[in-house]
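Everything numeric here is computed off the predicted structure, so don't read it as measured data.
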Amino acid sequence: MLANTNLISSNFFNSLPTRTPKPRTSSLQLQNLKSTNFSLPNTTATSKFPSLVKPHYLNNTRFLVQKCHSTLDKNQNLEEEEEEKPGLDGKGSSVLESVDGIQEGKRDWTTSILLFVLWGVLIYYVFNLTPDQTPSRDMYFLKKLLNLKGDDGFKMNEVLVSLWYIMGLWPLVYTMILLPTGRSSKSNIPVWPFLILSCFGGAYALLPYFVLWNPPPPPVEETELSRWPLNFLESKLTAGISLTAGLGLIIYAALAGGDVWQEFYQYFRESKFIHVTSIDFTLLSTFAPFWVYNDMTARKWYDKGSWLLPVSVVPLLGPALYLLLRPSLSEVPALHEASSKQK
């Protein structure tokens with residue numbers, strides 16, 4: 001009796017599948033596991049309870065196969081995503097540099113709205129709130145500065161003369177900075193009409209373009225570099241003349257005595273012409289560092305020329321020095337790559 005019982009129990013336990021802990025497999029082992037054909041062993045159980053053992057065995061085996069397949073699929077998807085991610089060099093750097101181009105149609109209008117409000121306040125102030133106590137004297141000064149009046153023995157204020165001619169240099173400096181890196185590729189608004197108007201209206205004429213400006217700049221064709229106006233604006237001779245003339249005018253005004261500066265301050269408080277011109281000079285000096293930074297980054301020269309950003313705060317002389325030292329457009333292949341791809 002005991003022998004029969006031991007025989008039955010041994011047959012029963014021999015027919016049960018042995019459970020072993022699942023080993024942790026690496027990605028290579030998972031790939032080999034996926035290619036392996038899972039098949040159930042042909043077992044002939046002598047147990048009296050085959051209906052209780054076989055379903056449990058099949059369910060565990062199917063669950064193991066499904067889990068392995070799902071794990072392999074997830075690992076393959078992760079590996080493919082990692083291969084598709086760009087790095088920080090090679091092709092990845094070009095993708096990171098063109099983030100602005102990916103986000104087309106998404107623009108933050110906060111800065112444009114603030115600039116438009118500033119422009120509106122300035123225009124209202126110029127026409128309604130500026131002092132206008134000496135209109136006849138303003139006309140006389142304007143004729144003298146334009147050389148429309150001969151020598152009548154009156155000596156013009158040295159600071160006013162320097163300011164007048166510096167205001168004639170600012171449009172040239174801004175034209176050299178805004179063309180071509182200050183143009184807008186995402187809008188059909190050209191910059192050159194505003195630059196021409198700035199010869200007469202200064203910052204009051206440029207601010208509307210600052211409101212509408214939408215970077216990045218369009219690519220520059222190689223043939224444009226040898227044609228007007230880029231050949232003139234990119235010339236180191238033009239930049240050198242601007243810097244030399246500006247330096248001479250600032251020294252001329254700085255050497256004027258204290259009485260001359262007090263007289264100019266009195267003009268500023270009384271004259272609409274001198275008051276508006278002085279504010280224009282301040283605005284152009286304030287916006288120049290930003291456009292120097294914009295041109296510097298477009299030419300991929302920020303790493304070497306970043307020390308010029310604090311210098312650009314110096315009115316006229318800082319931007320003019322940057323124009324003299326910046327690399328030529330012909331030395332920046334990045335500005336030509338987009339145009340060659342479009343062809």
Side-chain angles (χ1 to χ4, degrees), residues 111-175 193-211 245-291 312-320:
T111 304
S112 298
I113 293 174
L114 293 176
L115 288 175
F116 180 76
V117 172
L118 174 64
W119 179 71
V121 170
L122 287 171
I123 295 300
Y124 180 81
Y125 179 79
V126 165
F127 285 99
N128 297 282
L129 301 178
T130 51
D132 192 11
Q133 301 177 13
T134 58
S136 59
R137 189 177 64 186
D138 289 352
M139 186 59 64
Y140 174 79
F141 283 167
L142 187 59
K143 289 181 180 179
K144 288 285 289 185
L145 293 170
L146 292 173
N147 294 321
L148 299 178
K149 262 192 174 303
D151 188 8
D152 54 1
F154 179 80
K155 184 179 181 181
M156 292 290 295
N157 184 279
E158 288 89 342
V159 179
L160 176 58
V161 173
S162 299
L163 177 64
W164 173 259
Y165 286 107
I166 286 175
M167 296 305 296
L169 290 174
W170 267 123
L172 175 61
V173 171
Y174 264 87
T175 303
F194 299 91
L195 293 172
I196 294 176
L197 290 175
S198 69
C199 298
F200 309 97
Y204 306 107
L206 286 175
L207 270 172
Y209 179 75
F210 298 167
V211 173
L247 182 61
L249 290 171
I250 290 179
I251 292 176
Y252 179 71
L255 294 179
D259 295 338
V260 177
W261 281 95
Q262 289 181 358
E263 183 184 34
F264 177 80
Y265 178 69
Q266 188 65 29
Y267 290 160
F268 175 80
R269 295 181 58 186
E270 299 174 351
S271 169
K272 188 183 190 72
F273 165 61
I274 298 175
H275 193 92
V276 171
T277 305
S278 301
I279 295 176
D280 189 10
F281 173 82
T282 305
L283 291 171
L284 292 172
S285 303
T286 303
F287 285 107
F290 169 77
W291 292 108
S312 64
V313 178
V314 180
L316 188 70
L317 297 183

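- Atom CZ of Phe127 has 12 or fewer heavy atoms from other residues, nucleotides or ligands within 6.0 Å.
- Once rounded to the nearest 0.5 Å, the distance linking SG of Cys199 with CZ of Phe194 reads 14.0 Å.
- Checked against a 6.0 Å centroid threshold, the rings of Tyr174 and Trp170 count as neighbours.
- To the nearest 0.5 Å, the span separating CG on Leu129 from CG on Leu122 amounts to 11.0 Å.
- Within the 3.5 Å criterion, the main-chain N or O of Val260 finds a donor-acceptor partner in the side chain of Asn157.
- Nearest approach of Phe264 to Ser278, heavy atoms of both residues: CZ-OG, 3.6 Å.
- Formation of a donor-acceptor pair under 3.5 Å by the Tyr204 side chain with backbone atoms of Val276 is found in this model.
- Between Tyr267 and Val159 the shortest side-chain heavy-atom distance does not fall below 4.5 Å.
- Judged by distance alone, the side chain of Ser312 and the main-chain N or O of Pro319 form no donor-acceptor pair under 3.5 Å.
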### Task
List the steps and the verdict of side chain to side chain contact (heavy atoms under 4.5 Å, CB included) for Gln266 and Gln262.
CA-CA 6 Å; Gln266 188 65 29; Gln262 289 181 358; over 6 Å; no
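- Shown here is Arg269, whose CZ atom has no more than 12 heavy atoms of other residues, nucleotides or ligands within 6.0 Å.
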### Task
Evaluate side chain to side chain contact (heavy atoms under 4.5 Å, CB included) for Leu206 paired with Leu197, printing each intermediate quantity in order.
CA-CA 8 Å; Leu206 286 175; Leu197 290 175; over 6 Å; no
### Query
For Leu255 and Glu158, what are the C-alpha separation, side-chain angles and deciding distance, and is it a side chain to side chain contact (heavy atoms under 4.5 Å, CB included)?
CA-CA 9 Å; Leu255 294 179; Glu158 288 89 342; over 6 Å; no
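- The aromatic rings of Phe268 and His275 sit parallel to each other, their planes meeting at less than 30°, with 60° as the upper class boundary.
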### Task
I would like to know whether Tyr209 and Leu195 meet side chain to side chain contact (heavy atoms under 4.5 Å, CB included); could you show each step before the answer?
CA-CA 9 Å; Tyr209 179 75; Leu195 293 172; over 6 Å; no
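- The line from CG of Leu142 to CG of Leu148 is 7.5 Å long, rounded to the nearest 0.5 Å.
- Between Phe141 and Phe154, the two ring planes are parallel [angle under 30°; tilted spans 30° to 60°].
- Two rings, from Tyr165 and Tyr252, have their centers 6.0 Å or more apart.
- We find the OG-CG distance between Ser198 and Leu207 to be 11.5 Å, quoted to the nearest 0.5 Å.
- A distance of 4.0 Å separates CE in Met156 from CG in Leu145, rounded to the nearest 0.5 Å.
- Residues Thr277 and Trp164 have side chains not in contact (no heavy-atom distance under 4.5 Å, counting atoms from C-beta outward).
- Between Phe116 and Trp119, the ring-plane angle classifies as tilted under the 30° and 60° cut-offs.
- Atom CG of Leu317 and atom CG of Leu249 lie 9.5 Å apart (nearest 0.5 Å).
- The shortest side-chain heavy-atom distance between Lys144 and Asp152 falls under the 4.5 Å cut-off.
- Heavy-atom minimum distance, Gly201 versus Asp280: O-OD2, 3.9 Å.
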